[in-house]
Structure formats: structure tokens, C-alpha cells
Amino acid sequence: MESKMSNNSAGATQPARKYVPPHLRAQERSPSVPPAVGASSPMPGAFTRTPSNSSFAGRPSKPPSSLPPRTRRPDGYGKWLDGIHIPAPRNERLELDLFGEPGDPFKQSTGINFDKYADIPVEAKGHNVPEPIIEFTNPPIDPHLLENIKFARYTTPTPVQKYSVPIIGQGCDLMACAQTGSGKTGGFLFPILSECFKNGPVQTPPANPSKYSTKVYPTALILAPTRELVNQIHEEAKKFAYRSWVKPAVVYGGAPSGEQMRQLDRGCDLLSAAPGRLCDFIDRGKISLANVKYLVLDEADRMLDMGFEPQIRRIVQGCDMPSVEDRQTLLFSATFPREIQLLAGDFLKNEIFLSVGRVGSTSENITQTVEWAEDFEKKSVLLDILEGHMEPESNNRTLIFVETKRMADILCDFLLQNNLRATAIHGDRDQREREYALNTFKMGYNPLMVATAVAARGLDIPHVSLVVNYDLPSDIDDYVHRIGRTGRAGNTGHAISFFNQNNLNIVRGLVEILREAKQEIPIFLEQSLQQASVFGGRGRGRGGSRGRGMSSRGGGSGFGSPFRRTASSWDSPSNSTSFSHDSPAYWIQKS
Ligand SMILES: Nc1ncnc2c1ncn2[C@@H]1O[C@H](COP(=O)(O)OP(=O)(O)OP(=O)(O)O)[C@@H](O)[C@H]1O
């Protein structure tokens, strides 16, 4: 190729031109350009946005041309041979991609208050609850996983990890509730991977040679409610499965299914999935759940509420997944409304219930403020807040939550018109736009992101120092998740919420949360609470947006819940729990 280029001088006879694929042309022109290292290279053009083109301008139209072809890169996975785990050799480039340089804030985000997690009271209820681990050690953790944990530079397990590792390791089902940003992802990934590394894969049925595309049989299935969260879990799984026989894969809607199919063909032992696309692949015969040993519902209360429950039932009970007796089911969230706890019993057996702090409580690392703002003045109050918060050279990001997709666009355009670098994420944007918005926010090109509920749960974005509830949600648990995008992994954060007469439905829950977290309660909130009580305020503010009726914490709204269970609905085989579901103390802490 090089000799052809040198022949290509003026006057020389042109040799017959060979076709060069577009992604290699730039390499031909400038062979001296070194390949870019790492996936996190800056996105060109991110600053070239114009207000009229909103937050999607400046999108790179193709990947940087200096990247080497993908096929050259070894996948970094090991194998299981004759009962022995054989890890792949180390791959420095992949390690840099997965774990970053020491001190890379995008790869390690532990903050100064990390050690304070140890002071949070933990309650573990059920039969034969094992002792928690204190450190990352072998036993019980597989040495290969310990190595990957070291690469990730985690030194101490968080409380939820301390308990979940031995509980899941001894084969129990688990319902775990721990505050936002306290390491629940590791809480399920560590024990699952550790057990997989120790025990190897389950035998899969022989492939049908007549079929071009193979069916995959994952050992672990992790379901989560949003595409971005599913992707994030997959990225974490790739870190901790590095060099092992366990191949993580991911499926979610909005992205081309052909690419996801090809990825599945390369192997799928631990599958992170959004329910819709998973059902699609099951229907197309691409995925079988017959080998699932571990089923995880992350954000389990959301996965079992009205929007997702039918799909979850179909996946868990209507396909070929092993029965509740033959698999381990693990539910994780920061909030668990009472009716969802009851519903969850259908999917569990003899579970251990773990709560780190009170169920549904907020992290103490978050300072919470509530400001009175009428709807018409919210924009100017927001500008004032941003002006005070965004120091010129700081790395700070601010996440602004609104209730509607339309409002997300309107507010984003307003910020852009005020020369603030903002983007927006919501369900009406296509997946490419959503991912681009999230990436530019993460990288700091757009330090402001306006979001609807799609960004409320699970997303772990470094440097989010402020969350603004421009519109408060009508459900107090949604509030807990939203503000939980800041103050994560021991970092401190600030949440400011705009409150007015339209938010009376959440006032009781809000006051309780603030009181419990020892935050200041403004007088207007106390007055609104009285007003809400006179006019029949809705307990803890549950039941607004998604038709969930009962209060999670004993506020007792009496609004009809689609999930209210009668005694007879517990006659399923999975009802053999060690707890009394009738008892009000059933792993709900008294508020
Ligand atoms: N043992 C650990 N040591 C240091 N950092 C950790 C540890 N475990 C997790 N983290 C970091 O803490 C952050 C939050 O973890 P994670 O996203 O799992 O929280 P979460 O509890 O699932 O939050 P949410 O409720 O919002 O979903 C991540 O950046 C993760 O890398």
C-alpha cells in the first residue's frame, strides 16, 4: 500500500487503483498518524452548536479515522476448559479502555465521604443470613475477580456489597435496598461473576448446524428500565469480567438490532437487557433463557410497577426461564414501595431482605434545598442558581429535571439562548441523540443537561454536583432517585427543588424525607403540608404519575392500587417466603 503511494508522484504512470474502504483512506494519506488510544477521545465539533439546532448540533458524522480496524483487537476473554478457568493474557490497551489511568475521574469517582457508608445501619432479615465480608478477599471472592476489582481501584466493599456477596454466594434469593450511589451494581455483579468464575458455564444444548445464526444461552440475565442504564451495567460487567470466560452482552431498543445480534453471536454469558428488545430477540429465537441461573432486576420497584410488570412476567414466567426454585432471583433498588414488595414475592423464594439505611431514604451526602418558585418565574430563578453554581474553571455538571419531553426541549433551548452549554435527554429523541446528549454531558462539553424521567434512575455520571428539580415529580420515590444523581460514591452534592401550589401532592413525602435527612424545612413547606392535610393530601406523595396507589411508608392514601394484593394472590408456589407478607413490618422500616 505504501509503495503504491510513493509511485503516485507527478508524471509517473498511475498504477491501477485498488479500492480502499473509507475508514482506511485517511490512514493511507497520513500513515504517520498514531492510532487513538482509548474510547474516550474527545468528540470533535461538540462546541459548534447553534441555538436553533438545539443540543444535537456538532455531532461527529463518523468515528475518528485514525482508529485501527476493530477486528485487530483481541476480545480479551478467557475460556473454561475441562473444569479449569483459563483467563486470557493481559491486554494493556483494553485495560486502559476499561479501567483508565490512575486518577481518571471518569473511571474512579470515589469521594471523601466514602468511609461514612460504614456507619449506615444495615438490616438483613431471613433464614441463615451469613456474616458480611469486611474486605475484598478470597475466600469468598474468586481470585480472578479480586484482580479485576483491584484494576478498578476499589479498596473496600460498600455495605450493600459486604452483605450481598456472601448472601448470593450461598445461593439465596435477595431483595436489597440501599441508597442511591452506594454500589448496588457491584452488589450483584461481584457475587454473580465470582460464582461463575468458580463454577464455569452451564452446559448448553448443541447448536443446530442448519441455522446460520446461533441461539445464545446466558447464565445471568440483568434487566433494567432504561437503555442508558442497561448500557452502563454492561460497561461495568465488561470491567469485572475482563479476561474471564464470561462474555457480557447487551440488548436494548432504539439501536440497530443487527449489530446486537452479531455481538450475541460472539458470545453471551451475562446479558444486560431492556425488556422490550429482549422479548423481541426471544420471539426471533435468538435468545433462550433456559440456562439462566441468576436473574437480576435492577431498579426492581420500577421494573415491577405498572409500566413493565406484564413484560417482566412474560420474560420470567412465560418463556423458558427456569422456575423460581431453579434460579436465583436478585432485586435491587434504592426505593421499594410496599405494594411492590408484595408483588415481588411472586418472583422470589426464601429471600433474604437487606436494607442499608431506611428503605427509600436519601443519601446524607446530598444537601437538599426547596425554593418557592411560581411556574412563570422558574426560568429566571434557574438562571440565578446556575450563575452562582457554575464556576468558570470547574468540572461541575448540573442535571435539571422536568416533567415533560416538550418542556425538556423548551428549557434546553432557553439555556442555549442564554449562551449556556446545554443538552437534553428524553424519550422523544432517538437513541443516537440520547447517547450523544449523555456523552457530551459526561465529558463536560455540555455541563447542563435537561432531562425527563429517563435519566432519573441508576445513571452514574461523575461531577454532577447539582440536581435541580425544575418540576417536582408527583412520586416521592422518583424524587429520591432524581436527587441521587448527585452525591454518589462518597461525593457530596446539592439538590434544589422548585416548589409551588401545584406540588401539594408530594409535600408530605418531601417533608418527611427532609426531616429524616436533617435538612432545613422552609416555612412555606410546613404551611403547604397543613394545607395538603386539610384538603386530603396524598400521604407520601405516591400514586401520581404511574397510577401507583399505596403509600410506601405508611402514609396510607387509600387511593386504589393496581398492585394491592389480596390474601389469595399469595397462593403461588413462590409464596413460601420466610416473612409474613401480612406484617406491616415486612422489611419496611417505620418512618
Ligand atoms: N467498592 C467500591 N469502591 C469504590 N467505588 C465504588 C465501589 N462500588 C461502587 N463504586 C462506585 O460507586 C459509584 C456508584 O455505584 P452504583 O452506580 O453501583 O450505585 P447504585 O447504588 O447502583 O446507584 P443507583 O441507586 O443510583 O442505581 C460508581 O461510580 C461505582 O464505580
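Counting starts at 1 for both ligands and their atoms, in listed order. When a residue number appears, it is its place in the shown sequence, counting from 1.
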Would [X] count as a polar contact of ligand 1, with the cut-off being nitrogen or oxygen pairs under 3.5 Å?
X      : value
Gly181 : yes
Gly186 : no
Asp460 : yes

**Study point:** Sequence neighbours excluded - salt bridge (Lys or Arg N to Asp or Glu O under 4.0 Å) pairs with any residue from residues 221-230
**Key:**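 Sorted result for residues 221-230: Glu228-Arg434.
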Point to revise | Separation of Thr156 OG1 from Tyr117 OH (nearest 0.5 Å) | key: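 That separation rounds to 12.5 Å.
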Check your understanding: Roughly how far apart are Ile483 CD1 and Thr367 OG1, rounded to 0.5 Å?
Key ->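 Ile483 atom CD1 to Thr367 atom OG1 measures 10.0 Å (nearest 0.5 Å).
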Salt bridge present between [X] and [Y] (N-O < 4.0 angstrom):
X      : Y      : result
Lys184 : Asp298 : no
Glu235 : Lys239 : no
Asp305 : Arg302 : yes
Arg313 : Asp346 : yes
Lys150 : Glu147 : no

By number and element, which atoms of ligand 1 are closer than 4.0 Å to a non-hydrogen atom of [X]?
X      : answer
Glu299 : 27 (O)
Ser182 : 19 (O), 20 (P), 21 (O)
Arg485 : 26 (O)
Thr156 : 1 (N), 2 (C), 3 (N)
Arg488 : 14 (C), 16 (P), 17 (O), 19 (O), 20 (P), 23 (O), 24 (P), 26 (O)

Check your understanding: Do Thr452 side-chain atoms and His426 backbone N/O form a donor-acceptor pair below 3.5 Å?
Key ->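 No, because the side chain of Thr452 does not come within donor-acceptor range (under 3.5 Å) of the backbone of His426.
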Check your understanding: Out of Ile233, Thr185, Val480, who gets a non-hydrogen atom closest to atom 16 (P) of ligand 1?
Key ->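 Nearest option to atom 16 (P) of ligand 1, by heavy atoms: Thr185.
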Exercise for review: Pick, from Phe136, Tyr154, Phe190, the option with the minimum heavy-atom distance to atom 10 (N) of ligand 1.
Suggested key: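 That would be Tyr154.
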Contact between ligand 1 and [X] is defined here as a heavy atom of the residue under 4.0 Å from a ligand atom; is it met?
X      : value
Gln179 : yes
His481 : no
Phe114 : yes

Check your understanding: Quick one: does ligand 1 sit under 4.0 Å from the side chain of Leu459, the backbone, both or neither, non-hydrogen atoms only?
Key ->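 Neither; no heavy atom under 4.0 Å.
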Check your understanding: Applying a 4.0 Å heavy-atom criterion (strictly less than), which segment of Lys184 is in contact with ligand 1: side chain, backbone, both, or neither?
Key ->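 It is both backbone and side chain that touch ligand 1.
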Check your understanding: For Val454 and Gly427, which heavy atoms make the closest approach, and how far apart are they?
Key ->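 Val454 and Gly427 have their closest heavy atoms at CG1-N, 4.2 Å.
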